[in-house]
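Report on one structure; see the data block that follows.
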Amino acid sequence: MYFDNFLSHREADKLISIGSELGFEPNFDGMRIEEYSMRREPFASTWLNEAAAQDSTVKKIMSRLEQITNIPTGNVENIQVVKYDQGQVHNLHHDYIYYQAQRQPGVRILSLFLFLSDVEEGGENFFPNLNIKVAPKKGRALVWPLVLNENPNKRDEKMW
């Protein structure tokens with residue numbers, strides 16, 4: 001499910017600005033061994049820290065996220081800002097993390113992706129088992145479940 005205009009352009013730009021201030025680091029998550037050997041550049045990312053989470057714009061965004069997910073902001077991870085340069089990709093992966101099932105907060109039950117910019121070509125989030133592509137659009141929010149309703153500790157295999 002997605003929501004157009006979930007973020008204003010100003011809010012999207014603010015998240016980019018905060019991410020830039022914090023500093024983007026190469027993110028090797030999801031890269032395959034052959035990509036290392038091809039010297040493919042990883043995308044970059046940063047997690048908003050507690051100080052950034054106190055920004056008034058970030059607080060408004062988090063409040064809105066709580067409204068659409070019905071999950072209190074105290075039960076969610078901080079926002080991760082991801083930066084892709086032309087040609088960079090995040091390989092097919094599932095956001096469910098197995099080892100979290102043994103931890104107190106439990107597994108991620110859903111993912112929410114905020115598009116912070118428009119692109120001319122590419123950049124879709126692709127769910128091959130559902131044959132669904134969601135194109136990037138500045139301000140769009142994309143939400144998808146990671147687990148089964150009847151067993152929230154079991155990964156939903158359709159959501160690849």
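Reckoned from all heavy atoms, side chains included, excluding hydrogens, waters and symmetry mates. Since the model is a prediction, treat every value here as computed from it, not as a measurement.
Checking V119, D13, L114 one by one against K138, the side chain to side chain contact (heavy atoms under 4.5 Å, CB included) holds for a single residue, D13.
A distance of 5.0 Å separates CD1 in I16 from CG in L116, rounded to the nearest 0.5 Å. Separating the CD1 atom in I18 from the CD1 atom in I79 is a distance of 8.0 Å, to the nearest 0.5 Å. How far CD of E25 is from NZ of K83: 11.5 Å, rounded to the nearest 0.5 Å. Here the straight-line distance linking atom CD1 of I132 with atom OH of Y2 works out to 10.0 Å at 0.5 Å rounding. Note that CG of L22 is 4.5 Å distant from OG1 of T46, once rounded to the nearest 0.5 Å. To the nearest 0.5 Å, the span separating CG on L15 from OG on S20 amounts to 10.5 Å.
For F115, the ring-ring contact (aromatic ring centres under 6.0 Å, His included) partners at least two apart in sequence or on another chain are F113. Under the side chain to side chain donor-acceptor pair (under 3.5 Å) criterion, N49 pairs with no residue at all, not counting sequence neighbours. Considering only residues two or more places apart in sequence or on other chains, D118 meets the side chain to side chain donor-acceptor pair (under 3.5 Å) condition with none of them.
Among pairs with a residue in residues 52-61, those fulfilling salt bridge (Lys or Arg N to Asp or Glu O under 4.0 Å) read K14-D55, at least two apart in sequence or across chains. Applying the salt bridge (Lys or Arg N to Asp or Glu O under 4.0 Å) test to every pair with at least one member in residues 125-134, sequence neighbours left out, gives no pairs at all. Residue pairs meeting the side chain to side chain donor-acceptor pair (under 3.5 Å) criterion with at least one member in residues 63-72, sequence neighbours excluded: E11-R64.
Looking only at side-chain heavy atoms (C-beta outward), F24 and V81 come within less than 4.5 Å of each other. Side-chain atoms of L142 and W144, non-hydrogen and from C-beta on, do get closer than 4.5 Å to each other. Within the 4.5 Å cutoff, the side chain of W47 has heavy atoms near those of the E77 side chain.
If you chain together hydrophobic residues whose side chains sit under 4.5 Å apart, M1 and I61 fall into the same group. Under the 4.5 Å side-chain heavy-atom criterion for grouping Ile, Leu, Val, Met, Phe, Trp and Tyr, L146 is not connected to L148 through any hydrophobic cluster.
Counting heavy-atom neighbours within 6.0 Å of N151 CG, excluding the residue itself, gives a total above 12.
Of the possible donor and acceptor atoms, one in the side chain of R140 sits under 3.5 Å from a partner among the backbone N and O of A135. Remark: side-chain polar atoms of D156 are not paired, donor with acceptor, to backbone N or O of P145 under 3.5 angstrom.
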